[in-house]
Amino acid sequence: MATMEIINKAVTMINEHDFFWFYADYEASARESSRGHMEAFVELVNYILDVDTRKALKDLWMARYEWAKKNMFEINKEALKVYQAIEAKTLEMLTTSTFAMAA
């Protein structure tokens with residue numbers, strides 16, 4: 001799988017991840033599903049050889065986690081804007097560096 005494909009899949013996984021699994025009525029199975037999804041993300045990202053790219057994707061995961069933490073009890077629109085700005089900046093940096101590495 002090409003690096004850009006991995007990046008796109010990793011970002012999709014971040015945005016699909018159930019950061020609120022502990023609110024589920026079926027908490028135990030939701031926790032296991034969430035843990036498995038997180039492990040799959042880490043495994044996918046570890047296919048990327050470039051350390052900075054791996055770190056950027058892991059940092060993006062943590063930014064999404066921070067967004068979720070601020071939205072646990074009420075919708076925080078500002079937190080979403082912050083996350084979206086971080087996501088856009090990270091993707092721009094990753095896209096630029098990935099194409100530079102390929103050249």
Side-chain angles (χ1 to χ4, degrees):
M1 191 179 312
T3 301
M4 212 50 224
E5 282 181 80
I6 295 172
I7 290 170
N8 289 333
K9 182 160 178 52
V11 171
T12 298
M13 289 178 80
I14 290 168
N15 291 324
E16 290 175 347
H17 187 71
D18 182 9
F19 287 97
F20 301 105
W21 59 264
F22 46 87
Y23 285 126
D25 291 336
Y26 49 94
E27 183 263 334
S29 61
R31 178 182 60 239
E32 290 307 310
S33 176
S34 183
R35 180 177 290 143
H37 192 253
M38 181 181 66
E39 289 170 358
F41 171 81
V42 171
E43 194 174 303
L44 175 69
V45 169
N46 282 338
Y47 281 110
I48 298 173
L49 299 177
D50 182 63
V51 174
D52 293 332
T53 302
R54 276 198 319 263
K55 182 179 180 332
L57 287 168
K58 290 176 182 179
D59 288 348
L60 187 59
W61 178 282
M62 291 308 298
R64 184 67 177 202
Y65 169 78
E66 289 299 321
W67 164 85
K69 195 165 69 170
K70 291 178 180 169
N71 282 275
M72 283 203 301
F73 301 109
E74 62 184 37
I75 300 298
N76 184 324
K77 292 180 182 177
E78 189 58 34
L80 179 59
K81 289 178 187 175
V82 169
Y83 171 74
Q84 289 172 330
I86 292 169
E87 180 183 42
K89 183 178 177 182
T90 301
L91 291 178
E92 181 181 339
M93 182 273 298
L94 289 174
T95 301
T96 303
S97 66
T98 300
F99 285 126
M101 285 188 283

TODO: List the steps and the verdict of salt bridge (charged side-chain N to carboxylate O under 4.0 Å, His left out) for K70 and E66.
DONE: CA-CA 6 Å; K70 291 178 180 169; E66 289 299 321; 5.3 Å; no

- [ ] Grab the two heavy atoms, one from I14 and one from L57, that are nearest each other, plus how far apart they are.
- [x] CD1-O, 3.8 Å

- [ ] Determine, for K89 against E92, whether the closest basic-nitrogen to carboxylate-oxygen distance falls under 4.0 angstrom.
- [x] no

Task: Flag, side chain of S33 to backbone of S29, donor-acceptor distance under 3.5 Å - done: no

Open item on the list: Would you compute the distance between atom NZ of K55 and atom OG1 of T90 and round it to the nearest 0.5 angstrom?
Closed with: 10.0 Å

Task: Check against ring pair (Phe, Tyr, Trp, His ring centres under 6.0 Å), Y26 and W21 - done: CA-CA 9 Å; Y26 49 94; W21 59 264; over 10 Å; no

Open item on the list: Nearest 0.5 angstrom please: M1 CE to I48 CD1, how far?
Closed with: 10.0 Å

Open item on the list: Working to the nearest 0.5 angstrom, can you tell me the gap between E87 CD and N15 CG?
Closed with: 5.0 Å

Task: More than 12 heavy atoms of other groups within 6.0 Å of F20 CZ - done: yes

- [ ] Kindly confirm or rule out a cation-pi arrangement of R64 over W67, judged by NZ or CZ under 6.0 Å from the six-membered ring centre and within 45° of its axis?
- [x] yes

Task: Minimum-distance pair of heavy atoms, taken over all atoms of A10 and L44 - done: N-CD2, 3.7 Å

TODO: Calculate, to the nearest 0.5 Å, the distance between atoms NZ and CG belonging to K77 and L80 respectively.
DONE: 10.0 Å

Open item on the list: How close do F22 and F19 get, counting heavy atoms only, and between which atoms?
Closed with: CE2-O, 3.3 Å

- [ ] With the side chain counted from C-beta on, respond yes when L91 and I7 share a heavy-atom pair under 4.5 Å apart, and no when they do not.
- [x] yes

Task: Beyond-backbone contact of E32 with R35, side-chain heavy atoms, under 4.5 angstrom - done: yes

Open item on the list: Give me the atom names and distance for the closest heavy-atom approach of H17 to H37.
Closed with: ND1-ND1, 2.8 Å

Task: Check against side chain to side chain contact (heavy atoms under 4.5 Å, CB included), N46 and K58 - done: CA-CA 10 Å; N46 282 338; K58 290 176 182 179; 3.5 Å; yes

- [ ] Using modelled atom types only, decide if a donor and an acceptor are shared between the side chain of N76 and the backbone of N71 within a distance under 3.5 Å.
- [x] no

TODO: Decide yes or no for Y65 and Y83: does some side-chain heavy atom of the first lie under 4.5 Å from some side-chain heavy atom of the second?
DONE: no

Open item on the list: Donor-acceptor pair, distance only, cut-off 3.5 Å: does the side chain of Y47 make one with the backbone of T3?
Closed with: no

Task: Lys/Arg N to Asp/Glu carboxylate O, D50 vs R54, below 4.0 Å - done: no

Task: Nearest non-hydrogen partners of L94 and A56, listed with the distance - done: CD2-CB, 3.8 Å

